[in-house]
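Step one of this worksheet: look at the structure below.
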2 protein chains.
Amino acid sequence: MVVYAGQGDARRAMTLLWRDRRDRPEPAAPGRRPELSVDLVVETAVSVADTDGMEALSMRAVGERLGRTAMSLYTYVASKNELVELMYDHAFGEPADAAEADDSPDWRTATEAWAHRLWDFYLRHPWTLEVSLARPVLGPNEYRLLESLAGVLHGAGLSPARIRNTYGTLHNLVRGQVQTAAEARRAEAVTGVPEDEWWYERSALLEEVAPDFTTRFPVLSAMAEAGAFVNETEDEPYLEQEARETFRSGLASVLDSLEAHLSPGDRGPRRADPDTTLT
Amino acid sequence: MVVYAGQGDARRAMTLLWRDRRDRPEPAAPGRRPELSVDLVVETAVSVADTDGMEALSMRAVGERLGRTAMSLYTYVASKNELVELMYDHAFGEPADAAEADDSPDWRTATEAWAHRLWDFYLRHPWTLEVSLARPVLGPNEYRLLESLAGVLHGAGLSPARIRNTYGTLHNLVRGQVQTAAEARRAEAVTGVPEDEWWYERSALLEEVAPDFTTRFPVLSAMAEAGAFVNETEDEPYLEQEARETFRSGLASVLDSLEAHLSPGDRGPRRADPDTTLT
DNA sequence: CCAAGTTTCCTTATGCGATAAAGTATTTGC
DNA sequence: GCAAATACTTTATCGCATAAGGAAACTTGG
C-alpha cells in the first residue's frame with residue numbers, strides 16, 4: 001500500500017511518537033472513561049499486521065480484535081495513516097532495545113549482529129517494509145537503532161559521511177533481500193499455493209508456451225543445465241534461501257571493504273578516516 | 001499494493017505474455033467487432049500508472065481514458081491482476097530492447113550501462129517496483145533483460161552460480177535505491193508538499209518534541225554538526241541525490257570485486273571461474 | 001433477408017475499504 | 001440534578017473489483 005508518514009496533523013503524530021510513557025498521572029478528566037488506550041490499539045494493530053499482513057490491516061479488523069467498531073478507534077488515533085506511523089515506531093522498539101544491549105567485542109561482529117537483527121526483525125514484521133523511506137516516520141526507535149550503529153562505526157574510526165553511506169548500504173541490502181524472503185512466505189499464505197508447487201506449474205506452462213526457450217535464451221538455459229538455479233538444501237523455500245545467501249555474501253563484502261579501508265593492507269598502521277572527523 | 005503474479009488462470013496469462021504479435025491474420029470472427037485490443041488496454045494502463053502511480057490505477061481510470069466503462073475491459077483481460085502482469089512485461093520491453101542493442105566494448109562498461117538503464121527504467125515506471133519478486137511475472141521481456149546481462153557476464157568468464165548471484169545483487173542494489181528516489185518524487189506529487197519543506201517542518205517539530213535530542217543521540221548530532229546530512233548540490237532533491245550516490249558507489253564496489261575475482265592481482269594471468277562452467 | 005450464435009459493452013448490485021456526521025451513553029465538576 | 005466533555009455506535013458517502021444479467025452489433029447458415 002505504500003504509506004507516507006506525516007500526512008495529517010504532523011504535530012499530533014510527532015507528539016504521540018515522542019511522548020514519554022512514564023508520566024501518566026491520569027488527571028481525572030471529565031467524560032466517559034476510555035476503555036482502551038493508544039498503546040493497546042497500536043499493539044493490536046501490530047499483531048493484525050504481523051499475522052495477516054498489511055493488506056489485511058483495516059480499522060474494522062483492529063476494532064474487531066478489541067470488541068469495538070472501526071470508528072471507535074478514531075478516539076485514539078486521528079487516521080489510519082497515523083496508526084501505521086505509531087505501529088512502525090512501536091515495532092522498531094524491539095531491534096532498538098537489542099542494539100543498545102549489544103556487547104559485541106569489536107565493530108565487525110557488532111555490525112554483523114546489527115544487520116542480522118534487522119533481518120530477523122523484518123521477517124517478523126514485514127509490513128514495515130511498506131512504509132515509504134521517502135517520508136520517514138522519524139520516531140525515536142528508528143533513531144535509536146541508527147544511533148547504535150553510528151556509535152559502533154564511529155568507534156571504529158569511520159568519518160560521518162562514510163557512516164551515513166554505510167548505514168544506507170547496509171539497510172538497503174537487508175531490506176531488499178528480506179523483502180523477497182518475506183513475500184515468498186506471505187505469497188504462500190495469501191494464495192494458498194506453496195512455492196515449489198507454484199514454480200513447478202509455472203515452468204511446465206513456460207515450456208508449453210515458449211517451446212523455443214532454449215534457443216531464445218541460450219545462456220540462461222546453459223546456466224539452468226549447469227544447476228545454477230538449484231539450491232543446496234531442500235527444506236527451506238528456494239527464494240528465501242537464495243535471498244539469505246545473497247544477503248550474507250553482500251554483508252561480507254561490505255564489511256570487507258570497510259575493513260580494508262580502516263587498515264589499508266601492509267602499507268601502514270591502522271589510522272582514522274581521513275574525511276571530516278567528529279569533534 | 002504488492003501484486004502477486006499468477007493468481008488467476010495461469011495458462012491464460014502465460015499465453016498472453018508469450019503470444020507472438022506478428023501473426024494477426026484476424027480470421028473474421030463472429031460477433032461484434034472489438035473496438036479496443038489487449039495491447040491498447042495495456043498501453044493505456046501503463047500510461048495511467050506512469051503518470052498517476054500504481055495507487056491510481058483502477059479499471060475505471062483506464063476505461064475512462066479509453067472512453068469505456070471499467071467493466072468493458074474485462075473482455076480483454078481476465079482481472080486487474082492479469083492486467084498488471086501484462087503491463088509489467090510490456091514495460092520491461094524498453095530496457096530489454098536497449099540491453100540487446102548494447103555494444104559496449106567490455107563487460108564492465110556493459111554491466112555499468114545495464115545497471116544505469118535499469119535505474120532510468122524504474123524511475124520512468126516506478127509502479128513496477130510494487131510487483132512482488134516472490135511470484136515473478138515470467139514474461140519474455142524480463143528474461144531478455146536477464147539473458148543479456150548473463151551473456152555479458154558469461155563472456156567475462158563468470159560461473160553460472162556467480163552470474164546468478166551478481167544479477168541478484170545488482171538488481172537489488174538498483175531497486176532499493178531507485179525506490180527511495182522514485183518515492184521521493186511521488187510523495188511530492190501525492191501530498192503536494194515539496195521535500196525540503198517537509199524536512200524543514202519536521203525538523204522544527206522534532207526539536208520541539210524532543211528537546212533532549214542531542215543528549216539522547218550524541219553520535220548522530222555530532223554527525224549532523226559535521227555536515228554529514230548535507231548534500232553538495234541543492235538543485236536535486238536531497239533523498240534522490242543521496243540514493244543515486246549510494247547506488248553509484250555500490251555499483252562500483254560490486255564491479256570492483258568482480259574484476260578482482262576475474263584477474264586476481266599480480267598472482268597470475270586472467271583465468272576462467274573455477275566453479276562449474278558452461279558447456 | 002432473417003434467425004441463431006457469438007462477442008462486445010453497458011447497467012446494476014454486492015461487499016469491503018476509510019472516514020465524515022450525527023446520535024447515544026457515561027463520567028466529571030458544579 | 002445538570003452542563004460539559006468524552007467514548008462509542010449507527011448511518012451514510014464515496015471508491016474499489018468484479019459478479020450477473022441484459023442490450024447491441026456482427027458473422028454465418030439458411
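In what follows, chains carry the letters A, B, and so on, assigned in the order in which the sequence lines appear, proteins first and then strands, with residues in each chain numbered from 1.
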Can any side-chain N or O of B/Glu147 pair as donor or acceptor with the backbone N or O of A/Leu220 at less than 3.5 Å? yes

Close N or O pairs between protein and nucleotides 26-30 of chain C (under 3.5 Å):
from: C/dT26; atom 1: O2; to: A/Arg32; atom 2: N; distance (Å): 3.4
from: C/dT27; atom 1: O2; to: A/Gly31; atom 2: N; distance (Å): 3.1

Residue list, side-chain contact (heavy atoms from CB on, under 4.5 Å) with A/Ala182, at least two apart or on another chain: A/Leu123, A/Pro126

Filtered N/O pairs between nucleotides 13-23 of chain C and protein, under 3.5 Å:
from: C/dG17; atom 1: OP2; to: A/Arg60; atom 2: NE; distance (Å): 3.4
from: C/dA18; atom 1: OP1; to: A/Met59; atom 2: N; distance (Å): 3.2
from: C/dA18; atom 1: OP1; to: A/Lys80; atom 2: NZ; distance (Å): 3.3
from: C/dA18; atom 1: OP2; to: A/Met59; atom 2: N; distance (Å): 3.2
from: C/dT19; atom 1: OP2; to: A/Tyr74; atom 2: OH; distance (Å): 2.6
from: C/dT19; atom 1: OP2; to: A/Lys80; atom 2: N; distance (Å): 3.0

Residue pairs, two or more places apart or on separate chains, that pass ring pair (Phe, Tyr, Trp, His ring centres under 6.0 Å) and touch residues 72-94 of chain A: A/Tyr88-A/Phe92, A/Phe92-A/Phe121

List in chain and number order the residues that pass side-chain hydrogen bond (donor to acceptor under 3.5 Å, both in side chains) with A/Glu82, two or more places apart in sequence or in another chain; answer none if no residue qualifies. A/Arg12

Do you know which two heavy atoms are closest between B/Arg186 and B/Thr51, and how far apart they sit? NH2-O, 3.1 Å

Is any side-chain N or O of B/Ser72 closer than 4.0 Å to OP1 or OP2 of C/dC10? yes

For A/Ala204, side-chain contact (heavy atoms from CB on, under 4.5 Å) partners two or more places apart: none

When you check the gap from the basic side-chain N to the acidic O, do A/Arg65 and A/Asp52 get nearer than 4.0 Å? yes

Under 4.0 Å between a Lys/Arg side-chain N and an Asp/Glu carboxylate O for B/Arg60 and B/Glu64? no

So, does A/Tyr76 get its side chain near the phosphate of D/dC8, meaning an N or O under 4.0 Å from OP1 or OP2? yes

